[in-house]
Colleague: 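First the structure, which I've put down as structure tokens, then a few questions once you've had a look.
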Number of protein chains: 2
Amino acid sequence: MARKRDTRTLILDAAEALFSERNFEAVSIREITGKAGVQLGLASYHFKNKQALFEEVIARRAELLNQRRRDRLRAIQLKGDATVEQILVAFIRPYVEFCLEPEQGWRHYSRLIAQAAQDDQWLPTIERHFNTTAAIFADALYEALPDTPRDAVLRAFMFSIQIMVSAFANNRRIEALSHGTITAGDLEASFTSLIPFLSGGFAGLPSR
Amino acid sequence: MARKRDTRTLILDAAEALFSERNFEAVSIREITGKAGVQLGLASYHFKNKQALFEEVIARRAELLNQRRRDRLRAIQLKGDATVEQILVAFIRPYVEFCLEPEQGWRHYSRLIAQAAQDDQWLPTIERHFNTTAAIFADALYEALPDTPRDAVLRAFMFSIQIMVSAFANNRRIEALSHGTITAGDLEASFTSLIPFLSGGFAGLPSR
DNA sequence: GTCTATAGGCTGATAGAC
DNA sequence: GTCTATCAGCCTATAGAC
């Protein structure tokens with residue numbers, strides 16, 4: 001018999017799943033607690049209010065992801081000068097690996113991040129959790145591309161983050177345009193296309 | 001004295017501006033009619049309901065954008081074989097030019113599209129208005145890259161659309177990471193970085 | 001920590017006078 | 001086409017019993 005997860009976790013999991021499908025405003029607390037199978041009032045008891053619940057969903061997995069990314073970057077840097085491609089893989093591969101876990105949590109999380117990342121309302125939250133590690137990767141890219149202006153490198157890195165985030169958020173528009181040849185949910189295939197595209201993008205930047 | 005725009009247009013403009021800042025669900029009809037300076041009931045009179053109003057906001061500018069893009073592509077193709085970079089410019093440049101107009105409408109529109117593009121709820125609407133032209137550009141890219149698998153080209157095109165859309169949606173996260181060196185609202189600078197990055201990305205795709 | 005009940009407010013949509 | 005008034009439903013958040 002599966003051990004009963006505590007109420008807090010039940011609510012967080014349900015919120016994560018629902019917020020990954022729809023906006024913050026489009027999901028009600030009643031819906032979350034309903035899906036979690038707990039009473040309405042418990043959401044307010046465990047997480048002060050709706051906004052704090054959303055932020056806790058973001059916070060719950062952020063540090064684990066950041067840590068995995070930094071570990072991977074450090075491992076590469078210990079072996080010598082890191083290439084742009086290696087740095088990108090260190091940043092993106094953990095995201096894919098977590099999403100590929102049989103449990104659905106990370107997949108929901110990645111979709112949720114995709115929408116939070118472009119909603120001004122959550123910009124402070126996103127920055128608080130992800131900017132420190134993003135800055136470390138930006139520095140690594142500056143080092144790998146000493147002859148490219150920093151602004152150009154940073155812009156390219158932001159482009160990369162945006163594509164990564166949306167590529168793994170199951171954007172289904174590609175299915176119609178490919179007449180069904182491509183499946184949006186095939187994350188390994190997306191990753192395989194993504195890396196050479198991004199590496200090529202950095203290679204295409206003008207030098208100083 | 002400025003000629004008074006009709007109520008329909010007032011409502012569409014106000015809705016466009018508000019929906020560009022916040023989600024469909026986060027904006028109320030009262031807020032829209034309030035900003036437009038018209039009575040609440042008029043929104044339902046002119047546009048059956050909230051959903052239809054949102055779709056009309058998307059529809060209003062879509063065909064003009066598509067037409068400009070196709071005209072530009074055709075002009076290039078008449079001069080000989082189009083390069084990947086030329087095709088990308090034909091697709092993206094009209095978007096930038098509209099956004100640079102002094103009137104704010106297109107800027108709001110571009111932000112609105114950025115969020116609608118990744119909300120499953122609006123996928124059918126986005127596909128209805130934009131897939132025909134997107135397919136034309138995909139075909140042009142296939143021709144320009146005959147030795148690259150079509151799936152890879154299409155994926156790269158989708159990456160490009162995603163970056164374009166988010167790059168011009170004023171994502172302000174780059175401002176903190178650049179310590180203020182980069183301004184998110186500088187669309188010309190974004191465009192200047194974007195084109196070589198995307199061209200390089202296509203160049204980095206594996207050949208058959 | 002959990003449950004019930006409810007307060008208090010805002011929502012989209014409409015009916016009907018002008 | 002416009003304006004006023006209102007309905008019925010849903011929302012978040014909380015108070016208080018257990």
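These numbers were taken from a predicted model, which means no experiment stands behind them. Just so it is clear: chains get the letters A, B, ... in the order the sequence lines come, proteins before strands, and each one is counted from 1. Computed from heavy atoms alone, side chains included, the values below leave out hydrogens, waters and symmetry copies.
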Colleague: Looking only at side-chain atoms of B:Ser28, point me to the closest of D:dT2, C:dT11, C:dC3.
Modeller: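 The closest nucleotide is C:dT11.
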Colleague: My understanding is that only residues two or more places apart in sequence, or in another chain, count here; which of them pass ring-ring contact (aromatic ring centres under 6.0 Å, His included) with B:Phe191?
Modeller: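 For B:Phe191, no residue satisfies ring-ring contact (aromatic ring centres under 6.0 Å, His included) once neighbours in sequence are set aside.
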Colleague: Using nucleotides 13-18 of chain D, report all nitrogen or oxygen pairs with the protein that are shorter than 3.5 Å.
Modeller:
| unit_1 | atom_1 | unit_2 | atom_2 | d |
| --- | --- | --- | --- | --- |
| D:dA13 | OP2 | A:Lys50 | N | 3.1 |

Colleague: Among residues at least two apart in sequence or on other chains, which ones pass side chain to side chain contact (heavy atoms under 4.5 Å, CB included) with A:Leu100?
Modeller: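 Listed in chain order: A:Arg93, A:Val96, A:Leu187, A:Glu188.
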Colleague: Sequence neighbours left out, what passes ring-ring contact (aromatic ring centres under 6.0 Å, His included) with A:Phe98? Give chain and number order.
Modeller: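 A:Phe98: ring-ring contact (aromatic ring centres under 6.0 Å, His included) contacts with A:Trp106.
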Colleague: Using side chain to side chain contact (heavy atoms under 4.5 Å, CB included) as the criterion, list what pairs up with B:Ile76, not counting sequence neighbours.
Modeller: B:Ala82, B:Gln86, B:Ala90
Colleague: Quick test of your reading: applying salt bridge (Lys or Arg N to Asp or Glu O under 4.0 Å), list the pairs with at least one residue in residues 190-202 of chain B, sequence neighbours left out, ordered by first then second residue.
Modeller: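 Every pair satisfying salt bridge (Lys or Arg N to Asp or Glu O under 4.0 Å) with a residue in residues 190-202 of chain B: there are none.
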Colleague: When the distance from CG of A:Leu42 to C1' of C:dA5 is rounded to whole Å, what number comes out?
Modeller: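 From A:Leu42 CG to C:dA5 C1': 14 Å.
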Colleague: Tell me which residues in residues 16-23 of chain B lie within less than 4.0 Å of DNA chain C, going by non-hydrogen atoms.
Modeller: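 Those residues: none at all.
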Colleague: Residues two or more places apart in sequence or in another chain: which of them pass ring-ring contact (aromatic ring centres under 6.0 Å, His included) with B:Phe197?
Modeller: A:Phe159, A:Phe202
Colleague: Measure CZ/B:Arg8 against P/D:dG1 and give the value in whole Å, please.
Modeller: 10 Å
Colleague: Among all residues two or more places apart in sequence or in another chain, which pass the salt bridge (Lys or Arg N to Asp or Glu O under 4.0 Å) test with B:Arg107?
Modeller: none
Colleague: Within the distance-only criterion (no hydrogens, no angle test), does the side chain of A:Gln118 pair as donor or acceptor with the backbone N or O of A:Gln162 below 3.5 angstrom?
Modeller: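 Side chain of A:Gln118 to backbone of A:Gln162, a donor-acceptor pair under 3.5 Å: no, none is there.
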Colleague: Quickly work out the B:Leu10 CG to D:dC3 C1' distance and round it to whole Å.
Modeller: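 After rounding, the gap between these two atoms is 16 Å.
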Colleague: With the side chain of B:His46 defined as its heavy atoms from C-beta on, choose the nearest nucleotide among D:dG1, C:dG12, C:dC3.
Modeller: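 The nucleotide sitting nearest to the side chain is D:dG1.
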Colleague: Scan residues 40-53 of chain A for pairs that pass salt bridge (Lys or Arg N to Asp or Glu O under 4.0 Å), counting only residues two or more places apart or in two chains.
Modeller: none
Colleague: For A:Phe168, enumerate each residue passing the ring-ring contact (aromatic ring centres under 6.0 Å, His included) test, keeping only those at least two apart in sequence or located in another chain.
Modeller: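 By the ring-ring contact (aromatic ring centres under 6.0 Å, His included) rule, A:Phe168 matches no residue at all.
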Colleague: Can you tell me which residue among B:Tyr109, B:Trp122, B:Phe24 is in a ring-ring contact (aromatic ring centres under 6.0 Å, His included) with B:Phe19?
Modeller: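 Considering B:Tyr109, B:Trp122, B:Phe24, a ring-ring contact (aromatic ring centres under 6.0 Å, His included) with B:Phe19 is found only for B:Phe24.
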Colleague: Rounded to the nearest Å, what distance is computed from the CD atom of residue B:Gln39 to the P atom of nucleotide C:dA13?
Modeller: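 Atom CD in B:Gln39 sits about 17 Å away from atom P in C:dA13.
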Colleague: Five pairs per end, C1' atoms only: what is the angle between the end axes of the helix from C:dG1-D:dC18 to C:dC18-D:dG1, to 10 degrees?
Modeller: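 Computed angle between terminal axes is 0°.
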Colleague: Tell me the interatomic distance from A:Phe47, atom CZ, to C:dT2, atom P, rounded to whole angstroms.
Modeller: 11 Å
